[in-house]
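Protein chains get the first letters and strands the later ones, always in sequence-line order, with residue 1 at the start of each.
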Protein chains: 2
Amino acid sequence: MVNKNKTLLNEIKEILKSKDIKPSYQRIMVYNYMKNHRNHPSVDTIFKAISGSIPTLSKTTIYNILNFFAKKGIVDTLTIDKNEVRYDFIKTPHAHFMCKICGEIFDIHLKSDVCLKDFVEGHKVEDAHVDFKGVCKGCL
Amino acid sequence: MVNKNKTLLNEIKEILKSKDIKPSYQRIMVYNYMKNHRNHPSVDTIFKAISGSIPTLSKTTIYNILNFFAKKGIVDTLTIDKNEVRYDFIKTPHAHFMCKICGEIFDIHLKSDVCLKDFVEGHKVEDAHVDFKGVCKGCL
DNA sequence: ATTTCAATCTGTAATGAGTTCAATTACATA
DNA sequence: TATGTAATTGAACTCATTACAGATTGAAAT
Ligand SMILES: [Mn+2]
Ligand SMILES: [Mn+2]
Ligand SMILES: [Zn+2]
Ligand SMILES: [Zn+2]
């Protein structure tokens, strides 16, 4: 069990190296968290989740790592929540639904091609987001 | 000229009354600004623009009015800019493009129906936004 | 006209996400 | 082992937004 966990972290280390990212323990742990959670976490959520494993962890480090990961294309930055930035471990283009009651963000899989445009009305597109807000299934 | 301006402000007063909104001078001026600008302004932009006409104006009042207008459906709240909320004087559903260089937000008119859904995957939709980010025509 | 009362406005203080920065630590290489 | 660069840390800071309490407004009621 411990050995298996160690193997998984070593896999992440190799992934980071292959992307020209120095695999610090902090970066490995953030990557591991993102890989295993689909909750579109905020910096604070990640901090609370992994600071137990890294007693000296600084929240600034989480900010640094996520900004770096975003630049490297490992995570996507979601501005759907006006209170704090949320992050997504990108797989494929998809939309999001954020519940105004519980704050949860759900993945939505639409048959829409708006996420795949290179240009719109002459502007060069680098990111595309389809965001819904309302009341989620569970809160209805 | 002055008379015509006064007539326009009186028209706004009637519009607000018809929506069960007490037509204070501050509210009329914010409405008038939104009606005449398509720049998706922030609170600060509106404050700077109209505080000359209202010497005692408080920025808190702009926050109050915009939150109130949003609740009444007069303006739409855009979270595309992670630094500050931007507001839109709604006409019809449309998408937005925000330039990462100059910060300007452009209206985009797509032939997409994603903005018109009532439910997605069981969740009740109240707002829908299609947001693009990149480099605008002018900054390219 | 004066009183009354709720709604609105104002300004200051508090909150909290995110950034800056200088000092410390980790780690690869010589 | 010594050195140098990159990463981490934590405190101070910025700045958008909210909370709050007192002042002002304006429309009834008397
Ligand atoms: Mn997602
Ligand atoms: Mn618009
Ligand atoms: Zn919910
Ligand atoms: Zn631009």
Worksheet item: CD1 of Ile21(B) versus C1' of dA7(C): gap in Å, rounded?
Response: 14 Å
Practice prompt. Report the residue from Arg38(A), His94(A), His129(A) that forms a side chain to side chain donor-acceptor pair (under 3.5 Å) with Asp88(A).
Written response: His94(A)
Worksheet item: Taking only side-chain nitrogens and oxygens of Ser24(B), does any of them come within less than 4.0 Å of OP1 or OP2 of dC9(C)?
Response: yes
Response to the item:
Taken to the nearest whole Å, CD1/Ile28(B) to P/dC9(C) is 10 Å
Worksheet entry | Ile74(A) and Phe89(A), any side-chain heavy atoms less than 4.5 Å apart | yes
Worksheet, complete the sentence: Of Ser42(B) and Arg27(A), the one whose closest nucleotide on DNA chain D sits nearer the 5' end is Arg27(A)
Item to complete: Determine yes or no for a side-chain-to-main-chain donor-acceptor pair under 3.5 angstrom, with Arg27(B) supplying the side chain and Lys22(B) the backbone.
Response: yes
Worksheet item: Whole Å only: how far is the NZ atom of Lys22(A) from the P atom of dA7(D)?
Response: 5 Å
Practice prompt. Let me know the distance between CZ of Phe47(B) and P of dC15(D), rounded to the nearest Å.
Written response: 16 Å
Item to complete: Examine Phe106(A) together with His123(B) and report whether their ring centres are nearer than 6.0 Å.
Response: yes
Item to complete: Check whether any side-chain nitrogen or oxygen of Gln26(A) sits under 4.0 Å from OP1 or OP2 of dT9(D), and answer yes or no.
Response: yes
Worksheet item: Once you round it to whole Å, what is the distance between P of dT17(D) and CD1 of Ile46(B)?
Response: 11 Å
Worksheet item: Between Phe119(A) and Leu140(B), does a side-chain contact (heavy atoms from CB on, under 4.5 Å) hold up when you go through it step by step?
Response: CA-CA 12 Å; Phe119(A) 283 87; Leu140(B) 276 174; 4.2 Å; yes
Discussion item. Is it the case that the side chain of Glu84(B) and the backbone of Val43(B) share a donor-acceptor pair, with hydrogens and angles ignored and the cut-off at 3.5 Å?
Written reply: no
Worksheet item: Which of residues 53-90 of chain B have a heavy atom under 4.0 Å from DNA chain C?
Response: Thr56(B), Leu57(B), Ser58(B), Thr60(B), Thr61(B), Asn64(B)
